[in-house]
Amino acid sequence: MLNPRTSGPARSPAVAPSARTAPSRAPSRAPSSPEGFTVSARQDPRLARTGEHWLSLPNPRGVPVEICAGAGVPLEPAAVTEALALLETAGTLERLAEATPGYTGPEPRITRAALTPDFHKGAGIPIGTVLETEHALLPQAVGSDVNCGMRLEVTALRAGRVRARLDALERRLRHLFFEGGRRIALTPVQREALLRDGLPGLLLAGAAPWRGFRPEDADDALDRAHACAHPAATAAAFADWIGSAGGASHDSVIGGIGGGNHFAELQYVAEVHDPAAAHAWGLTPGTVVTMVHSGSLSLGHQANATALDALRAGWPAGLPRPRDGVLPFLLDERSEPARRRYLDAFANAANFAAGNRYFLSLAMRAGLAAECGDPDARPLYDAPHNLFWRDGDRFVHRKGATPAGGHAEMAGGPYAMWGEPVIVPGSMGASSFVLRGHGNPRTLASACHGAGRRVPRGASARGGDAELDAFLREFRVVTPLDHRDPVTARRRDVMAAWRRDLKQEAPWAYKDIGPVVSSLAGGGVATPVAELRPLLTVKG
DNA sequence: ATGTCC
């Protein structure tokens, strides 16, 4: 079922995403947008190619670092520099253990790292980093949008039915998401249940019948909870939100999409690459799905800020703070109270994010139900890409990297047969992919979380007006602003800000998804199951 | 990515 237009070595399952070519007027490159942020891997002498789909990053600390990226993936030298700086944290850990009074624990270490093909520069640590440590926890290796992730639901609707109702759906979803239509009622007791015990906790505690809710959602949440439900001892860090005004009738936070690259999208299965797995997962051609990309809004930021404040305050006097600002927790007794506060707030934020993706999916269900008939939507997966996983004193941190377990990692659960669903969204207007993971140890069983930014934020704000207009003519984008409304469109200041933000997320600000997905497939990290194309995008 | 400060 692979696209015959793709040429490539027979060994690498070739993927030809139709994203760049299929929507005939879609801008695939932007001559006016700034270039020069990325190079091909062979132009960066710090990288060593070890295979068709693999590079290594030799470093003075001798930490094994594998990068999954074929020759066609553009890489950002600034992000390579950032990755090298991160590895110096190994030295920080040594000095911190020595300088911490009474530290007698095992030597804290960075044992392994991997970069996914979408990696690009982040705030201190590249987005697309997988980091394994022992006896040390790095909040910044998760990122401040704790449990940002993807949720995919498969509906019983066909693309034709949705396409015929797009105008009405657009109005309906605008109302649901941006005009007070979501009306998600949560009592303080329910908010606390969500933050402490996650979505299963909330739904099993006796869910209110929100629009779109199905009783089976509780079972689904339990079945699929895995790492997304983090029990927390307390939700004290978020007492304000739990008890905030609005309470039982309306919540102004939950149900928000967020900004940046976050979205909720109606898509359909355009191509099947792995018929057996696609059939098992309900991803048959023409099937409509809802895809949600969102995080913990302000909660993760608060958790992260709390941790960093504690780390700075407890930093040993006389030990210089690392230049890159990456501060680790040691697993010693002295840092335990602060670490506990962070772990609880982290768990609260992670639970909020997964719950919020559920509520965003409910809004999509409600919109579909009102315009197209019962979508009978069932979650395929909720995949966190900013999170850490703990196994004793070993931590696997993923920042902008998504789990891609294989049969072994998924044994005993609903994904044992085909491996873990890996949701890789393309840039706006482009195809997205569902893949299945193979548990490849070279990436610590991780895949990328998207196409990856190619042009830094801010830089991409310049130029690209013609391309943005072409994009907006081609694709249906629902935003808080109706740019086609004559009154709104006359507010030049408002429209300028809106266009600036949208341009930062435009297709030309991102890498092509094709070589990225081909790297995952060829490298044996995850193989494509189905390709999805957008019908309607809701942008926060 | 976030929501807010000057």
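Letters go in sequence order (proteins before strands), and every chain restarts at 1. Scope of the values below: all heavy atoms of this structure, side chains included, with no hydrogens, waters or symmetry mates.
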Tell me every residue that passes side chain to side chain contact (heavy atoms under 4.5 Å, CB included) with [X], counting only those two or more places apart in sequence or in another chain.
{"X": "A/His175", "result": "A/Glu179"}
{"X": "A/Pro77", "result": "A/Val39, A/Asp44, A/Arg46"}
{"X": "A/Glu192", "result": "A/Arg196, A/Ala235, A/Ile242"}

Which whole-number value in Å describes the distance from [X] [atom1] to [N] [atom2]?
{"X": "A/Asn356", "N": "B/dT2", "atom1": "CG", "atom2": "P", "result": "10 Å"}
{"X": "A/Leu308", "N": "B/dA1", "atom1": "CG", "atom2": "P", "result": "17 Å"}
{"X": "A/Ile127", "N": "B/dT2", "atom1": "CD1", "atom2": "P", "result": "12 Å"}
{"X": "A/Gln504", "N": "B/dA1", "atom1": "CD", "atom2": "P", "result": "10 Å"}
{"X": "A/His301", "N": "B/dT2", "atom1": "NE2", "atom2": "C1'", "result": "4 Å"}
{"X": "A/Met150", "N": "B/dA1", "atom1": "CE", "atom2": "P", "result": "13 Å"}
{"X": "A/Arg357", "N": "B/dA1", "atom1": "CZ", "atom2": "C1'", "result": "14 Å"}
{"X": "A/Glu505", "N": "B/dT2", "atom1": "CD", "atom2": "P", "result": "10 Å"}

**Report entry** Partners meeting side-chain hydrogen bond (donor to acceptor under 3.5 Å, both in side chains) with A/Tyr358 (sequence neighbours left out)
**Finding:** A/Asp217
Query raised in the report: Of all residues at least two apart in sequence or in a different chain, which pass the side-chain hydrogen bond (donor to acceptor under 3.5 Å, both in side chains) check with A/Arg476?
Result: A/Asp167, A/Glu170
Query raised in the report: Taking the six-membered ring where the residue is Trp, are the ring centres of A/Phe395 and A/Trp389 under 6.0 Å apart?
Result: no
Is there any protein nitrogen or oxygen under 3.5 Å from a nitrogen or oxygen in nucleotides 3-6 of chain B, and what are the pairs?
residue : atom : partner  : partner atom : Å
B/dG3   : OP1  : A/Ser298 : N            : 3.4

Requested in this report: Report which part of the nucleic acid A/Gly295 touches: base, sugar-phosphate, or nothing (heavy-atom distance under 4.0 Å, all strands).
Outcome: nothing
